[in-house]
Amino acid sequence: MELRDLVLLRELDERGSLTAVARALSVTPSAVSQRLRALERTLGLPLTEPVGRGVRLTEPGRLLAAGAVEVAAVVASVEARLAAFQGGIVGRIDVAALPSAGVVLLPALLGHLGAEVEVRVHDHDVAEADYAALARDHDLVIGHRMSPEPRRDWQHLRVVDLLREPLDIALPAAHPLAAREAVTPADIAGERWIGVPEGYPFDDLRLAIEAAAGEPFRIVQRMRDNRLVEALVEAGFGMGILPRFSTRPATGVRLLPLRGVATGRVISALARPEVAERAVVRHALEALRACAAEIAPAPRR
């Protein structure tokens, strides 16, 4: 068995189709199929089986796919120790970042890593359920979640919780409640609301506030970009939720803590286990921890 063949099985297990695997490995689907057939002949075991119009791994195939993670992690760890012996961390790292989390961490990270590490940043504003998939195609993913514990679909990833960021209620400065130190769900019940798309974490928080208040908001807009939410709040079209550390509110916006409902989010770095063992990725994770510690203590697990 060669590591590249084990990696192919691992990719098929996660991506679910020969076409997706071929795209990820920059080869043709026929080349993927040929390598699978050759490995099956070598081992004398069926590693895939047809399902619908595609294929999936058999039990021996899944066993080898899991082994690919272990073997690749060991290889990456040895390479990292060699890099440390040689006295320098160099290389390139691809980072997928939620924009509102990247605003907090990326400037400090880039400054910390310096010129020896080339960082390629890709901004992705996706639903919480989609962060794990981003780790297939990026070395590191900076995402967030609302729950204290990692999501179940993050269990196969290396998860490094970086910081807990409070989420505040954003009000127009001219709103009657803007002079308060904090608000409760009852205070803002029935107000006009600038929300996010359904399925996004901040929308779950909106539902929790409505449940606590016993009255729904009047949703006037749904959008992903926090800057747009802030602009509409400032213009007086409603109120919304904005993260405290990554929002630099305009003079026409007030951020107020919400009492009675837990509103924080956990910002985390995600990586495949074997990718997390690479020297340059380890270095970047250590730098992210240091950057986050300057902003707020890491959340307790």
Side-chain angles (χ1 to χ4, degrees), residues 1-80 82-83 89-97 117-124 126-127 129-143 153-159 269-285:
M1 290 180 291
E2 295 185 16
L3 178 56
R4 67 170 189 164
D5 294 323
L6 296 179
V7 168
L8 186 151
L9 291 170
R10 188 272 180 88
E11 295 293 344
L12 181 57
D13 191 34
E14 285 205 9
R15 298 179 188 273
S17 76
L18 297 179
T19 300
V21 172
R23 188 182 303 114
L25 300 180
S26 300
V27 297
T28 64
S30 61
V32 173
S33 181
Q34 290 170 14
R35 283 170 58 181
L36 283 172
R37 300 288 83 77
L39 184 59
E40 287 179 327
R41 288 194 298 270
T42 299
L43 299 177
L45 289 169
L47 301 178
T48 64
E49 59 187 4
V51 54
R53 295 184 178 181
V55 296
R56 66 183 175 193
L57 294 182
T58 60
E59 185 173 352
R62 290 192 298 273
L63 183 150
L64 291 177
V69 178
E70 301 171 25
V71 174
V74 171
V75 171
S77 178
V78 173
E79 291 175 342
L82 179 61
I89 302 294
V90 296
R92 169 179 164 174
I93 183 170
D94 283 300
V95 178
V117 176
E118 179 186 358
V119 181
R120 296 286 181 89
V121 176
H122 311 266
D123 58 316
H124 292 272
V126 299
D130 295 331
Y131 286 110
L134 289 176
R136 299 172 187 164
D137 299 308
H138 301 84
D139 299 312
L140 278 179
V141 177
I142 300 175
D153 57 352
W154 292 8
Q155 291 179 352
H156 66 291
L157 300 172
R158 181 76 56 82
V159 179
L270 315 176
R272 283 179 161 187
E274 72 278 18
V275 174
E277 292 296 332
R278 288 174 45 206
V280 67
V281 178
R282 280 189 186 183
H283 184 52
L285 282 171

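We number each residue from 1, following the sequence as shown.
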Colleague: Can you tell me which residue among Leu57, Leu43, Val71 is in a side chain to side chain contact (heavy atoms under 4.5 Å, CB included) with Leu64?
Modeller: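 Of Leu57, Leu43, Val71, side chain to side chain contact (heavy atoms under 4.5 Å, CB included) with Leu64 is met by Leu43 alone.
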Colleague: Leu270 and side chain to side chain contact (heavy atoms under 4.5 Å, CB included): which single residue from Leu140, Ile142, Val159, Leu134 fits?
Modeller: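 So, applying the side chain to side chain contact (heavy atoms under 4.5 Å, CB included) to Leu270 and each of Leu140, Ile142, Val159, Leu134, only Val159 qualifies.
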Colleague: Are the side chains of Glu70 and Val74 in contact, using a 4.5 Å heavy-atom criterion?
Modeller: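 The answer is no, as the side chains (C-beta and beyond) never meet within the 4.5 Å cut-off.
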Colleague: In terms of side-chain geometry, is the basic nitrogen of Asp137 or Arg15 positioned less than 4.0 Å from the acidic oxygen of its partner?
Modeller: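 Yes.
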Colleague: Could you tell me which non-hydrogen atom of Ala22 sits nearest to which non-hydrogen atom of Pro29, and how far apart they are?
Modeller: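 Closest pair (atom of Ala22, atom of Pro29, distance): CB-N, 3.5 Å.
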Colleague: Measure across Ser17 and Ala20 and return the closest heavy-atom pair with its distance rounded to 0.1 Å.
Modeller: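 Looking at all heavy atoms of both residues, the shortest contact is OG-N, 3.0 Å.
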Colleague: Any carboxylate oxygen within less than 4.0 angstrom of a Lys/Arg side-chain nitrogen, looking at Glu40 and Arg37?
Modeller: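 Yes, charged N to carboxylate O under 4.0 Å.
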Colleague: Closest heavy-atom contact between Arg282 and Ser77?
Modeller: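 Looking at all heavy atoms of both residues, the shortest contact is NH2-OG, 3.3 Å.
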Colleague: Look only at the side chain of Thr42 and the backbone of Ala38, and say whether a donor-acceptor pair between them is shorter than 3.5 Å.
Modeller: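 Yes; at least one donor-acceptor contact below 3.5 Å.
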Colleague: Which distance, rounded to the nearest 0.5 Å, do you find between the CG of Leu45 and the OG1 of Thr58?
Modeller: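 Going from the CG atom of Leu45 to the OG1 atom of Thr58 covers 7.5 Å.
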Colleague: Would you compute the distance between atom NE2 of His122 and atom NE2 of His138 and round it to the nearest 0.5 angstrom?
Modeller: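 Answer rounded to 0.5 Å: 4.5 Å.
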Colleague: Answer with yes or no whether the side chains of Ser30 and Thr28 bring together a donor and an acceptor at under 3.5 Å.
Modeller: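 Looking only at side-chain atoms, Ser30 and Thr28 do form a donor-acceptor pair, the distance falling under 3.5 Å.
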Colleague: Looking only at atom types and distance, does a side-chain atom of Thr48 sit under 3.5 Å from a main-chain N or O of Val55, one as donor and one as acceptor?
Modeller: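 No, Thr48 side chain to Val55 backbone: no donor-acceptor pair under 3.5 Å.
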Colleague: If I compare all heavy atoms of Tyr131 with all of Val141, which pair ends up nearest, and what's the gap?
Modeller: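 Taking Tyr131 first and Val141 second, the nearest heavy atoms are CD2-CG1, 3.9 Å.
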Colleague: So, are Arg272 and Glu11 salt-bridged, with charged N and O less than 4.0 Å apart?
Modeller: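 Yes.
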Colleague: Would the distance check show the side chain of Arg35 and the main-chain N or O of Leu8 forming a donor-acceptor pair, the cut-off being under 3.5 Å?
Modeller: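 Answer holds: no.
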Colleague: Could you tell me whether a side-chain N or O of Arg92 sits under 3.5 Å from a main-chain N or O of Glu118, the two making a donor and an acceptor?
Modeller: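 No; judged by distance alone, with no hydrogens or angles, the pair does not exist.
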Colleague: Can you give me the closest heavy-atom contact between Pro273 and Leu157, atom names plus distance?
Modeller: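 Closest approach of Pro273 to Leu157, heavy atoms only: CD-CA, 4.3 Å.
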Colleague: Apply the side chain to side chain contact (heavy atoms under 4.5 Å, CB included) test between Leu12 and each candidate in Leu47, Val32, Leu36; give the one that qualifies.
Modeller: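 Answer to the side chain to side chain contact (heavy atoms under 4.5 Å, CB included) test with Leu12 among Leu47, Val32, Leu36: Leu36.
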Colleague: Taking all non-hydrogen atoms of both residues into account, name the closest pair between Ala68 and Arg10 and its distance.
Modeller: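 Heavy-atom minimum between the residues: CB-CB, 3.8 Å.
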Colleague: For residues Thr19 and Arg23, determine if any side-chain heavy atom of one lies less than 4.5 Å from a side-chain heavy atom of the other.
Modeller: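 A side-chain contact exists here, since the closest heavy-atom pair is under 4.5 Å.
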Colleague: If we ignore hydrogens and angles and just use 3.5 Å, is the side chain of Asp139 paired with the main-chain N or O of Asp94 as donor and acceptor?
Modeller: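 Indeed, once roles are kept as given, a pair shorter than 3.5 Å links the two residues.
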